[in-house]
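Chain A is the first sequence line, chain B the second, and so forth, proteins listed ahead of strands; every chain is numbered from 1.
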Protein chains: 2
Amino acid sequence: MAGEPRWLNDEEQYAWQSYLHATTLLEDHLDRQLQRDAGMPHIYYGLLVQLSQAPRRRLRMTELAQNAKITRSRLSHAIARLEKNGWVRREDCPSDKRGQNAVLTDEGMKVLEESAPGHVATVRAALFDRLSPEQVRQLAEICRSVADGLQPQGADLPWLR
Amino acid sequence: MAGEPRWLNDEEQYAWQSYLHATTLLEDHLDRQLQRDAGMPHIYYGLLVQLSQAPRRRLRMTELAQNAKITRSRLSHAIARLEKNGWVRREDCPSDKRGQNAVLTDEGMKVLEESAPGHVATVRAALFDRLSPEQVRQLAEICRSVADGLQPQGADLPWLR
DNA sequence: GTGGCGTTCTTGAAGTTTTAACAACGAAGT
DNA sequence: ACTTCGTTGTTAAAACTTCAAGAACGCCAC
C-alpha cells in the first residue's frame with residue numbers, strides 16, 4: 001500500500017464522485033419507498049425475494065446470507081425481525097441438526113406480491129427509464145467486472161470479509 | 001403506481017442483480033478497509049474529505065450534510081463521534097447564531113493524510129483498475145443520469161427525503 | 001417590537017448493523 | 001469412541017442510523 005500513491009485523475013475523480021452520489025441517492029430512495037409501502041428496508045425486501053424464488057420457499061440461513069451478501073449475524077437479526085412480523089418463520093433442517101431454514105410464510109408472500117409492482121416501478125423510474133438499452137448493457141458489464149474482483153476469497157469467513 | 005406492472009426484462013434483471021451485487025460488495029469492502037486502516041466507516045471518512053477540501057477546512061453543518069447526502073440528524077451524531085476522536089471540532093458560526101461549523105482539526109488532517117493513499121489504492125484496485133477508460137466514462141455518465149433523477153425536490157426536507 | 005413561520009441543529013429512543021464470542025453439531029482421522 | 005478442527009447459527013454489547021420531537025434563532029409582515 002506504500003510507494004508513491006497513484007491519485008485519481010480528473011476523469012476518475014469525477015466518475016467516483018458521481019458513483020458515490022448516485023448510489024447513495026438510489027439506495028436511500030429505495031429504502032424509503034419500501035419502508036413506506038412495505039414496512040421494511042430494501043435489504044429485508046431482498047431477503048423475501050430470495051426466499052420466494054427458492055424451491056419450496058425456503059433456504060438455509062447460510063445460503064440466504066451468501067445470496068444477500070450479508071453476514072450470518074446480520075441475517076439472524078433480520079430474520080428475527082421478519083419472524084416477528086409474520087413474514088418468515090424458522091424451521092429446523094432435517095439433514096443437519098445445526099441448520100435452520102428460513103421459510104417464507106403465506107403472509108410474507110402476500111406482502112411481497114402487494115409491494116412488488118410498486119418497487120419495480122420505482123426501480124424503473126429511477127434507473128432503467130433514464131438509461132438507454134446500450135447503457136443498461138454497459139452498467140451490467142461494469143458491475144460484473146467489479147463484483148468479480150471482490151468475490152469471496154478472504155481468509156476469515158469463506159464468502160464475505 | 002397501479003396499472004399493469006411493467007416487469008424487468010431479462011437484460012434489465014441481469015443488470016439490476018449485477019448492480020446490487022457490485023455496489024453491496026464494494027461498499028462493504030471500502031467500509032472494512034477504512035475501519036481497519038483509519039478507524040472509521042466510509043461515510044465518516046467522506047466527511048473528513050469534504051472538510052479538508054473546504055475553505056479554511058470548515059463547513060456549516062447543513063452544507064456538509066447536503067454534500068454528503070445525509071440527514072442533519074445523522075451528521076450531528078457523526079460529528080459528535082469524530083469530535084470525541086479529536087478529528088473534528090465544532091465552532092459557533094459568527095454570522096448566524098443558530099449555526100455551527102464543523103472544523104477539521106490538525107489531528108484529523110493527519111489521519112486523513114495517512115489513510116488517503118491506502119484508500120485511493122483500494123478504490124483503484126476494486127474499481128478503476130478493472131475498467132477501461134471508456135467504461136469509466138460510461139459509468140460517470142450513467143451515474144450522472146441516475147443522480148439527476150433523484151435530486152432534491154421532496155416536500156418534507158428541502159434537499160433530502 | 002411582536003407574532004407567526006421557517007430554518008438550524010440537537011437530542012432521546014427505537015431500530016439496525018457490526019464485532020467478538022460462544023454453543024452445538026458434523027467430518028475425518030486415529 | 002475420542003480428539004481435533006471446521007461449520008452453523010445465535011447472542012450480547014457497542015456502534016451507527018432513523019424517526020420524532022423540540023429549543024433557539026432569523027425573517028418578515030403588521
Side-chain angles (χ1 to χ4, degrees), chain A residues 24 27-36 39-47 58-66 68-85 88 90-102 152 154-161, chain B residues 24 27-36 38-47 59-66 68-85 88 90-102 152 154-161:
Chain A
T24 303
E27 171 100 23
D28 286 356
H29 186 61
L30 295 182
D31 263 345
R32 255 192 308 286
Q33 183 264 320
L34 282 170
Q35 191 67 58
R36 178 165 49 76
M40 58 190 143
H42 188 205
I43 182 97
Y44 286 40
Y45 180 87
L47 297 176
R58 69 199 59 204
L59 282 173
R60 284 290 293 270
M61 294 294 279
T62 293
E63 193 175 355
L64 180 50
Q66 285 173 348
K69 269 94 197 158
I70 62 179
T71 61
R72 286 188 301 247
S73 172
R74 185 174 174 183
L75 180 62
S76 243
H77 290 296
I79 293 294
R81 195 267 220 187
L82 292 172
E83 207 170 16
K84 216 177 281 181
N85 280 302
V88 169
R90 290 178 213 250
E91 187 185 73
D92 288 345
C93 177
S95 58
D96 186 337
K97 281 182 188 168
R98 296 167 303 180
Q100 289 279 102
N101 281 323
D156 196 356
L157 290 183
W159 41 275
L160 211 169
R161 160 145 237 220
Chain B
T24 303
E27 170 101 22
D28 285 356
H29 186 60
L30 295 182
D31 262 346
R32 257 192 309 284
Q33 184 265 321
L34 282 170
Q35 191 67 58
R36 178 166 49 77
M40 58 190 144
H42 188 206
I43 182 101
Y44 285 41
Y45 180 86
L47 297 176
L59 282 174
R60 284 289 294 270
M61 293 294 279
T62 293
E63 194 175 355
L64 180 51
Q66 285 173 349
K69 269 95 196 160
I70 61 177
T71 61
R72 284 188 300 247
S73 172
R74 185 175 174 183
L75 179 62
S76 245
H77 290 296
I79 293 295
R81 195 269 220 187
L82 292 172
E83 208 170 15
K84 215 178 281 183
N85 280 303
V88 169
R90 289 179 214 249
E91 186 185 76
D92 288 345
C93 176
S95 58
D96 186 336
K97 282 182 188 169
R98 295 167 303 179
Q100 290 280 102
N101 281 322
D156 196 356
L157 290 183
W159 41 273
L160 210 170
R161 159 152 238 212

- Message: Please evaluate residues B/Val88 and B/Leu47 with respect to the criterion side chain to side chain contact (heavy atoms under 4.5 Å, CB included), reporting the C-alpha separation (whole Å), side-chain torsions for both, the decisive distance (0.1 Å), and the verdict.
- Response: CA-CA 10 Å; B/Val88 169; B/Leu47 297 176; over 6 Å; no

- Separation of B/Asp92 atom CG from D/dC25 atom P, in whole Å? 11 Å

- Item | Rounded distance (Å) that lies between atom P of C/dT8 and atom CG of B/Asn101 | 13 Å

- dist A/Arg72:CZ -> A/Gln66:CD (nearest 0.5 Å) comes out at 8.5 Å

- In whole angstroms, the gap separating C1' of C/dA14 from NZ of A/Lys84 amounts to 11 Å

- Item | 4.5 Å side-chain heavy-atom contact, B/Pro41 and B/Glu27 | no

- Query: Can you find a pair of side-chain heavy atoms, one from B/His77 and one from B/Arg74, that are under 4.5 Å apart?
  - Reply: no

- Note on the structure: Rounded to the nearest 0.5 angstrom, the CG-NZ distance for B/Asp92 and B/Lys97 is 10.5 Å

- Message: Donor-acceptor pair, distance only, cut-off 3.5 Å: does the side chain of A/Asp31 make one with the backbone of A/His42?
- Response: yes

- Item | CG on B/Leu82 to CZ on B/Arg90, rounded to 0.5 Å | 9.5 Å

- Task: Grab the CG-P distance between A/Leu75 and D/dT11 for me, whole Å please.
- Result: 13 Å

- Item | Phosphate contact (D/dT10 OP1 or OP2) by A/Arg90 side-chain N/O below 4.0 Å | yes

- Task: Could you point out which residue of B/Gln100, B/Arg60, B/Arg98, B/Met61 forms a side-chain contact (heavy atoms from CB on, under 4.5 Å) with B/Cys93?
- Result: B/Arg60

- Query: Does a side-chain N or O from A/Arg72 land closer than 4.0 Å to OP1 or OP2 of D/dT11, or not?
  - Reply: no

- Query: Roughly, in whole Å, what's the span from CD in A/Gln100 to P in C/dC25?
  - Reply: 12 Å

- Message: If I take atom CD1 from residue B/Ile79 and atom CG from residue B/Asn101, how far apart are they, to the nearest 0.5 angstrom?
- Response: 11.0 Å

Any N/O pairs under 3.5 Å between the protein and nucleotides 26-28 of chain C? List them or say none.
| unit_1 | atom_1 | unit_2 | atom_2 | d |
| --- | --- | --- | --- | --- |
| C/dG26 | OP1 | A/Lys97 | N | 3.3 |

- Rounding to a whole Å, what distance do you find between A/Arg60:CZ and D/dT10:C1'? 14 Å

- Message: Measure CG/A/Leu47 against C1'/C/dT16 and give the value in whole Å, please.
- Response: 13 Å

- Task: Going 5' to 3' through nucleotides 13-18 of chain D, assign each nucleotide B (protein heavy atom under 4.0 Å from a base atom), S (under 4.0 Å only from sugar-phosphate atoms) or - (no protein heavy atom that close).
- Result: ---SBB

- In whole angstrom, give the distance that lies between atom CG of B/Leu59 and atom P of C/dC9. 11 Å

